[in-house]
Amino acid sequence: MWLGLSKQLTGRRLQSAAVITRMGINTTAQGPFNWVAGQRCQPVDNVGEFDNVSPRTGKLFCRIPASGKMEVDRAVATARSAFPGWAAMSGMERGRLLTKAAAIMRENLEDIARLDVNDNGKPIWEARADMESVIACLEYYGGLAPAIVGYHCKLPGGSWGTASREPLGVVGGVGAWNYPLQTCTWKVGPALACGNTFIYKPSPLAPLAAVVLGEVLQQAGVPDGVYNVVQGEGETGALLSSHQGCDKLSFTGSVPTGAKIMAAGAKGIKNVTLELGGKSPLIIFDDANLKNAVKGALMANFLTQGEVCSNGTRIFVQRGVYEEFLKEFVKQAKQMKIGDPMNDDTTVGGTISEDHAKKVLGYIESARSEGATVACGGERVIVGGDCASGWYLSPAVLTDCTDGMKAVKEEIFGAVAAVLVFDTEEEALERANNTDFGLAAGVFTKDVTRAHRVVNKLEAGTTYINTFNLAPAELPFGGYKMSGIGRENGLAAIEHYTQYKTVYVEMNDVDCGPLYQED
């Protein structure tokens, strides 16, 4: 979900070797880590603590209390109390505050990006790009807020009606660790623009940036209680998603957890949005610009250590260019620089955790055991200095794969690309769609007619022609099948954070037919 920013992000010099606090924005690993009623705070009760281990160093970054029932109750009550005043503001007023928040985020971009590197492990140039996408989201919904309106229609006899868009109320959100602030803002931006209030629970693997957003919004003038953060693991997430004080649930993460949140929402008949996993296909035809196809395949597999839900990890290459593509793709994968993600020239950072790294390596071993060839990568690399204890994995390319292999069928969520050969367009489409997922898909070809014909038949919510993994705020993002329900970003997100209220205005005497008899 990279925004595809200009080269200046990769070449920008770091301003400081230390993460600092500026303008009241705390970008250190010092708590408190909850944000309720407009301030950092300790939970009033907790269900234990969890370690936040930095993927960059592999060492303890901080320990965070996990919020219990009383703290979740407090956060929901705070959001409920703040809702009437926030909802009563005009869209112009709310939008102005979101736009101001975007400007504050830009002023603090470098510091927040560096916090993200320590919390998430991705290279600094990617973290900067993520911050740009956060800013774009706030700017987009800040600009859109005044236009979130219903409509008026004339009815027979001079009567008329309106259908107004009303906020849902209090939103409970649970986010992911691969894009910590982006997945948060993709929910919070449209929700707040529509007049809702929010309680967000970040992933325990990357929990820090969401609290910084609270400080940014407060500094922009967003009233206290409109946005709140409760930290925790699965138990805290269950408390929030099952809370009857929430009117809407939004989740980004795995299919199993998404199913639990959907079940929790069903008990209260709540509006639920789910952005879940994927095993996306990338189809490369023999007439494609191969240099661009290789670039697209790198973006589709190796950003953020391969920890991207929309990744095009099943690369179908037409037989006529298979060998040429594979040679260059493997060459480029081998040239990626594994190192300290704080360095501008690093292209492979630290995997989110030791457990997840071992899971990724397990999939590679599974592919070997089923007959695949590991053309490159798939090994732990020890990075020196502060990063020596981190889990850094070299990008892996699998060949000699079949569609039925575990590593080809299941979401790995790591830098593992399976390159498969195909002969005909019909074959590629059938194999590409043979999955339970449908988050993304892409095609590389110079034939515009074929490109549109193919994407129209791909069973995926987000499709690409001659690129991959771009997610601008202006366009909806979401999936088909088990990849989720609903959409984030674009105008489509407004549908998931508003409800219609219809008003019928009768301008004549009531006509009820024979029900009423004159004396």
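What you see is a predicted model, and the numbers here were worked out from it, not measured in a lab.
- His243 is linked by a side chain to side chain donor-acceptor pair (under 3.5 Å) to Asp73, counting only residues two or more places apart in sequence or in another chain.
- Residues satisfying the side chain to side chain contact (heavy atoms under 4.5 Å, CB included) criterion with Pro84, sequence neighbours excluded, are absent altogether.
- Of all non-hydrogen atoms in Tyr497 and Cys194, the two that sit nearest each other are O-CB, 3.7 Å.
- For the residue pair Leu398 and Ala367, the shortest heavy atom distance occurs at CD1-CB, 3.7 Å.
- At least one side-chain heavy atom of Thr313 sits less than 4.5 Å from a side-chain heavy atom of Asn301.
- You'll find the side chain of Trp186 stays beyond 4.5 Å of the side chain of Tyr179, heavy atoms only.
- At a cut-off of 3.5 Å, with distance as the only test, no side-chain donor of Ser54 or Asp119 sits close to an acceptor on the other residue.
- A side-chain donor from one of Asn469 and Asn311 sits under 3.5 Å from a side-chain acceptor of the other.
- Using a 4.5 Å heavy-atom cutoff, the side chains of Lys501 and Thr162 are not in contact.
- With rounding to the nearest 0.5 Å, the separation of CG in Asn228 from CZ in Arg74 is 8.5 Å.
- Side-chain atoms of Asp403 never come within 3.5 Å of backbone atoms of Arg431 as a donor-acceptor pair (strictly under, hydrogens ignored).
- Side chains of Val443 and Tyr464 form no contact here, defined as non-hydrogen atoms less than 4.5 Å apart.
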| message | Would Gln42 and Asn34 count as a side-chain hydrogen bond (donor to acceptor under 3.5 Å, both in side chains) here? Give the steps. | response | CA-CA 6 Å; Gln42 298 289 351; Asn34 277 15; over 6 Å; no
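- For Thr498 (side chain) and Ile494 (main-chain N/O), a donor-acceptor pair under 3.5 Å exists by modelled atom type.
- The two residues Gly265 and Val272 have their closest heavy-atom pair at CA-CG2, 4.1 Å.
- Here the shortest heavy-atom pairing between Phe468 and Ala441 reads CE1-C, 3.6 Å.
- Side chains of Tyr363 and Glu410: a donor on one and an acceptor on the other come within 3.5 Å.
- Listed by first and then second residue, the salt bridge (Lys or Arg N to Asp or Glu O under 4.0 Å) pairs that reach into residues 79-99 are Arg80-Asp247, sequence neighbours excluded.
- Rounding to the nearest 0.5 Å gives a distance of 12.0 Å between CZ of Arg114 and CG of Asp116.
- Residue Leu249 holds its CG atom at 7.0 Å from CG of Leu240, rounded to the nearest 0.5 Å.
- In terms of modelled atom types and a separation under 3.5 Å, the side chain of Thr99 and the main chain of Gly95 share a donor-acceptor contact.
- The list of salt bridge (Lys or Arg N to Asp or Glu O under 4.0 Å) pairs with a residue in residues 487-500, not counting sequence neighbours, reads Arg165-Glu495, Lys187-Glu488.
- Salt bridge present: Asp130 and Lys122 bring a charged side-chain N and a carboxylate O closer than 4.0 Å.
- For the side chain to side chain contact (heavy atoms under 4.5 Å, CB included) with Cys62, the lone residue among Asn52, Val53, Asn118 that qualifies is Asn52.
- In this structure, the side chain to side chain donor-acceptor pair (under 3.5 Å) partners of Glu506, at least two apart in sequence or on a different chain, are Ser159, Asn508.
- Checked by atom type and distance alone, the side chain of Gln218 pairs as donor or acceptor with a backbone atom of Gly38 at under 3.5 Å.
- Nearest heavy-atom pair, Ala113 versus Ala127, reported as atom, atom and distance to 0.1 Å: O-CB, 3.5 Å.
- At least one donor-acceptor pair closer than 3.5 Å links the side chain of Asp45 to the backbone N or O of Met70.
- Listed by first and then second residue, the side chain to side chain donor-acceptor pair (under 3.5 Å) pairs that reach into residues 144-153 come to none, sequence neighbours excluded.
- In this structure a side-chain-to-backbone donor-acceptor pair under 3.5 Å is present from Asn178 to Glu307.
- Looking at Ser164 and Glu166, their side chains do bring a donor and an acceptor atom within 3.5 Å of each other.
- Side-chain contact check for Val505 versus Val503: some heavy-atom pair is nearer than 4.5 Å.
- Residue pairs meeting the salt bridge (Lys or Arg N to Asp or Glu O under 4.0 Å) criterion with at least one member in residues 217-242: none, sequence neighbours excluded.
- To the nearest 0.5 Å, atom CD1 of residue Ile283 and atom OG1 of residue Thr463 are 11.0 Å apart.
- Residues Val174 and Thr252 fail the side-chain proximity criterion, which asks for heavy atoms closer than 4.5 Å.
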| request: Please step through side-chain hydrogen bond (donor to acceptor under 3.5 Å, both in side chains) for the pair Asn46 and Ser67, ending with a clear verdict. | output: CA-CA 4 Å; Asn46 65 64; Ser67 301; over 6 Å; no
| Would Phe413 and Trp177 satisfy ring pair (Phe, Tyr, Trp, His ring centres under 6.0 Å), going step by step from the backbone distance to the final call? | CA-CA 12 Å; Phe413 222 63; Trp177 48 259; 5.3 Å; yes
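- The line from CG of Asn434 to NZ of Lys409 is 8.0 Å long, rounded to the nearest 0.5 Å.
- Partners of Asn456 according to the side chain to side chain donor-acceptor pair (under 3.5 Å) rule, which considers only residues two or more places apart in sequence or in another chain, do not exist here.
- Residue pairs meeting the side chain to side chain donor-acceptor pair (under 3.5 Å) criterion with at least one partner in residues 196-214, sequence neighbours excluded, do not occur; the list is empty.
- Electrostatic pairing of Lys481 and Asp436 does not count as a salt bridge here, judged by no charged N lying under 4.0 Å from a carboxylate O.
- Gln305 and Thr351 share no side-chain donor-acceptor pair at under 3.5 Å.
- The backbone N or O of Val188 lies less than 3.5 Å from no partner atom in the side chain of Thr185, so there is not a single donor-acceptor pair.
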Hey, can you pull the donor-acceptor pairs under 3.5 Å for the side chains in residues 206-217, sequence neighbours left out?
| unit_1 | atom_1 | unit_2 | atom_2 | d |
| --- | --- | --- | --- | --- |
| Glu215 | OE1 | Asn26 | N | 2.8 |
| Glu215 | OE2 | Arg40 | NE | 2.7 |

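- Every side chain to side chain contact (heavy atoms under 4.5 Å, CB included) that Glu354 has, sequence neighbours left out, goes to Lys358, Trp391.
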Please list, one pair per line, the donor and acceptor atoms closer than 3.5 Å that link side chains of residues 254-261 to other protein atoms, with sequence neighbours excluded.
| unit_1 | atom_1 | unit_2 | atom_2 | d |
| --- | --- | --- | --- | --- |
| Ser254 | OG | Thr257 | N | 3.4 |
| Ser254 | OG | Thr257 | OG1 | 3.2 |

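- His496 is not listed as a side-chain neighbour of Leu168, based on a closest heavy-atom distance of 4.5 Å or more.
- Distance alone, capped at 3.5 Å, is enough to place a donor-acceptor pair between the Glu71 side chain and the Val44 backbone.
- Note: Leu282 CG to Thr467 OG1 = 10.0 Å, rounded to the nearest 0.5 Å.
- Ile25 places a side-chain heavy atom less than 4.5 Å from the side chain of Thr27.
- A salt bridge is absent between Lys279 and Glu411; no separation between the charged side-chain nitrogens and carboxylate oxygens falls under 4.0 Å.
- For Ser483 (side chain) and Leu439 (main-chain N/O), a donor-acceptor pair under 3.5 Å exists by modelled atom type.
- Between the Gln499 side chain and the Pro167 main chain, a donor and an acceptor come within less than 3.5 Å of each other.
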